[in-house]
Amino acid sequence: KKEIFIKRIWLLLICLMAMCTLGCGSDDTANVIADPTNQLPFHQNWNSYNLYRFDAPSGNWVKIVNLGATVDAIPALGLHPAILVHGLGSNIRSNTLTPLAQNLLAQNRATVVFGFEYDTLDSITRNSTYFTQAIQLLSPAQTPPLWTMVGHSMGGLVIRSSVQTNTLPIGTLSKVVTIATPHFGSPVANAVQGADAVTQAAVIGVLNQGGFTNSDGNPSEAPLNSPGITDLRTDSQFLGVLNAVGNIDNHPQVNYYTRAGTEKGAFSRVNDLLNVQTDDGFVTVASANPPQLAPVFTGVVSADHTQIVQDARTFVLLDSFLP
């Protein structure tokens with residue numbers, strides 16, 4: 001009985017860790033739970049992206065691009081459009097970013113809000129290419145407006161990779177806001193990939209309970225050796241190139257604004273179990289608010305990795321510097 005109890009506690013902690021890592025907790029989590037036997041289809045790269053516009057009256061996300069093909073009208077951008085990018089294992093349909101979209105419009109910080117949805121198990125470099133395509137589709141060829149691009153966790157790296165390697169159709173001094181983004185990686189990603197077989201099996205079992213999907217929207221398996229998870233390691237090749245001198249400061253079109261979480265909450269025991277040190281359960285403040293990025297403004301919020309993107313105090317920080 002004692003052994004069974006210990007195993008149950010272990011799996012509970014792994015569940016908490018997965019919630020922290022994915023950043024995909026939402027009100028409809030129960031509706032996306034996958035097959036409990038974990039007999040899921042193999043993950044297949046999307047090789048494309050989805051794009052949504054946020055409809056304030058209804059509070060819904062309306063798909064305007066499905067796997068790279070336009071399926072609905074693209075609205076006028078106005079002076080200050082915004083685009084929100086989710087993190088690992090999340091999606092726009094989860095409504096994780098809905099409170100942020102609502103706040104941006106209610107406070108007149110954005111004239112229209114878009115949501116960029118992508119395959120988070122694919123490489124960040126590839127997804128940044130799709131993000132570039134989305135901005136090119138949305139922005140007019142002449143006199144592009146000042147964009148606000150907000151990325152949660154991995155989403156911030158998708159944006160960074162795009163703006164550091166391209167000249168985008170955006171106004172000069174557009175804003176990039178990263179929220180709990182592991183700019184220099186996460187020790188949790190290292191620990192999960194380096195864990196013993198028993199621990200990895202438990203983690204995979206939890207990750208396969210929804211969040212990761214194939215391009216048809218149905219749940220897929222979430223292998224720990226996927227490019228997306230590997231890119232988040234502190235020693236990943238992707239981050240080594242992204243943060244190299246000459247690359248990290250190659251963003252003349254945008255100003256960076258960063259914020260970090262400082263509360264691990266229930267994830268503190270998970271960090272102890274994995275023998276890692278973080279500040280929000282997944283990312284350290286030094287990684288989320290790196291001085292090497294030369295951000296115009298940084299801030300901290302006493303929230304964990306998943307809570308911070310929906311925390312009212314995060315909205316206050318955004319309101320302080322957005323148009």
Side-chain angles (χ1 to χ4, degrees), residues 11 14-15 17-26 28-52 63 65-69 85-94 96-97 115-131 133-134 151-158 161 182 185-186 188-233 236-239 282 305-306:
L11 290 176
I14 293 297
C15 286
M17 182 197 68
M19 291 170 61
C20 168
T21 302
L22 302 182
C24 63
S26 65
D28 62 348
T29 298
N31 296 326
V32 297
I33 295 300
D35 179 359
T37 65
N38 296 325
Q39 300 301 309
L40 298 176
F42 288 111
H43 176 260
Q44 297 178 339
N45 290 348
W46 296 14
N47 297 320
S48 193
Y49 69 94
N50 297 327
L51 196 62
Y52 299 76
K63 185 180 285 188
V65 174
N66 181 52
L67 296 180
V85 186
H86 60 78
L88 177 68
S90 189
N91 53 61
I92 297 300
R93 293 166 286 107
S94 70
T96 302
L97 298 175
F116 177 77
E117 186 175 72
Y118 61 103
D119 176 6
T120 64
L121 289 174
D122 204 351
S123 72
I124 297 177
T125 298
R126 184 190 293 265
N127 283 318
S128 74
T129 299
Y130 300 138
F131 180 79
Q133 293 174 7
H152 175 229
S153 194
M154 177 188 277
L157 294 175
V158 171
S161 182
S186 167
V188 173
N190 296 52
V192 167
Q193 287 196 334
D196 59 66
V198 174
T199 302
Q200 287 195 343
V203 171
I204 291 172
V206 173
L207 295 185
N208 283 355
Q209 295 305 302
F212 295 97
T213 68
N214 283 324
S215 60
D216 58 6
N218 292 320
S220 71
E221 68 168 0
L224 295 181
N225 63 349
S226 67
I229 295 177
T230 300
D231 283 346
L232 296 179
R233 291 177 59 100
S236 75
Q237 181 180 5
F238 164 75
L239 288 177
F282 188 60
H305 190 71
T306 58

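All values below come from the heavy atoms of this structure, side chains included, with hydrogens, waters and symmetry mates left out. Starting from 1, each residue takes its place in the sequence as its number.
For the pair Ser153 (side chain) and Gly87 (backbone), a donor-acceptor distance under 3.5 Å is absent. Asn45 places no side-chain N or O within donor-acceptor distance of the main-chain N or O of Asn47, the cut-off being under 3.5 Å. The closest donor-acceptor contact from the side chain of Asp119 to the backbone of Trp46 lies under 3.5 Å. A side-chain donor-acceptor contact under 3.5 Å links Ser48 to the backbone of Leu67. Put simply, the side chain of Gln193 gets close to the backbone of Leu224: a donor and an acceptor are under 3.5 Å apart. Remark: the backbone N or O of Phe282 is paired with a side-chain donor or acceptor of Ser186 at under 3.5 angstrom. Between the side chain of Asn91 and the backbone N or O of Ser94, at least one donor-acceptor pair lies under 3.5 Å.
Going from atom OG1 of Thr120 over to atom CG of Leu88 covers 4.5 Å, rounded to the nearest 0.5 Å. Within the model, atoms CZ of Phe238 and OG of Ser128 stand 6.5 Å from one another, a figure rounded to the nearest 0.5 Å. In this structure, Asp122 CG and Asp231 CG are separated by 9.0 Å, a value rounded to the nearest 0.5 Å.
Taking both residues in full, the closest heavy atoms of Lys63 and Val65 are given as CG-O, 3.4 Å, listed atom of the first, atom of the second, then distance. Leu40 approaches Glu221 most closely through the heavy-atom pair CB-N, 3.9 Å. Considering every non-hydrogen atom in both Pro219 and Pro41, the closest pair reads O-CD, 3.5 Å.
Each of Thr125, Thr129, Ile124 was scored for a side chain to side chain contact (heavy atoms under 4.5 Å, CB included) with Val158, with one residue passing: Ile124.
Between Ile92 and Leu97 there is a side-chain heavy-atom pair separated by less than 4.5 Å. For the pair Asn214 and Ser220, the minimum side-chain heavy-atom distance is below 4.5 Å. Between Ser226 and Phe212, the closest side-chain pair of non-hydrogen atoms is not below 4.5 Å. Contact of the Leu239 side chain with the Leu157 side chain is registered, since non-hydrogen atoms from C-beta on lie closer than 4.5 Å. Between Pro223 and Leu121, some side-chain heavy-atom pair lies under the 4.5 Å cut-off. Annotation: side chain of Phe131 is not in contact with side chain of Tyr49 (no heavy-atom distance under 4.5 Å). Residues His86 and Thr96 are not in side-chain contact: their nearest non-hydrogen atoms beyond the backbone lie 4.5 Å or more apart. Side chains of Val85 and His152 form no contact here, defined as non-hydrogen atoms less than 4.5 Å apart.
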After noting the C-alpha distance and the side-chain angles of Phe116 and Tyr52, does the key distance pass the side-chain contact (heavy atoms from CB on, under 4.5 Å) rule? CA-CA 7 Å; Phe116 177 77; Tyr52 299 76; over 6 Å; no
Check against side-chain contact (heavy atoms from CB on, under 4.5 Å), Ile229 and Met154: CA-CA 10 Å; Ile229 295 177; Met154 177 188 277; over 6 Å; no
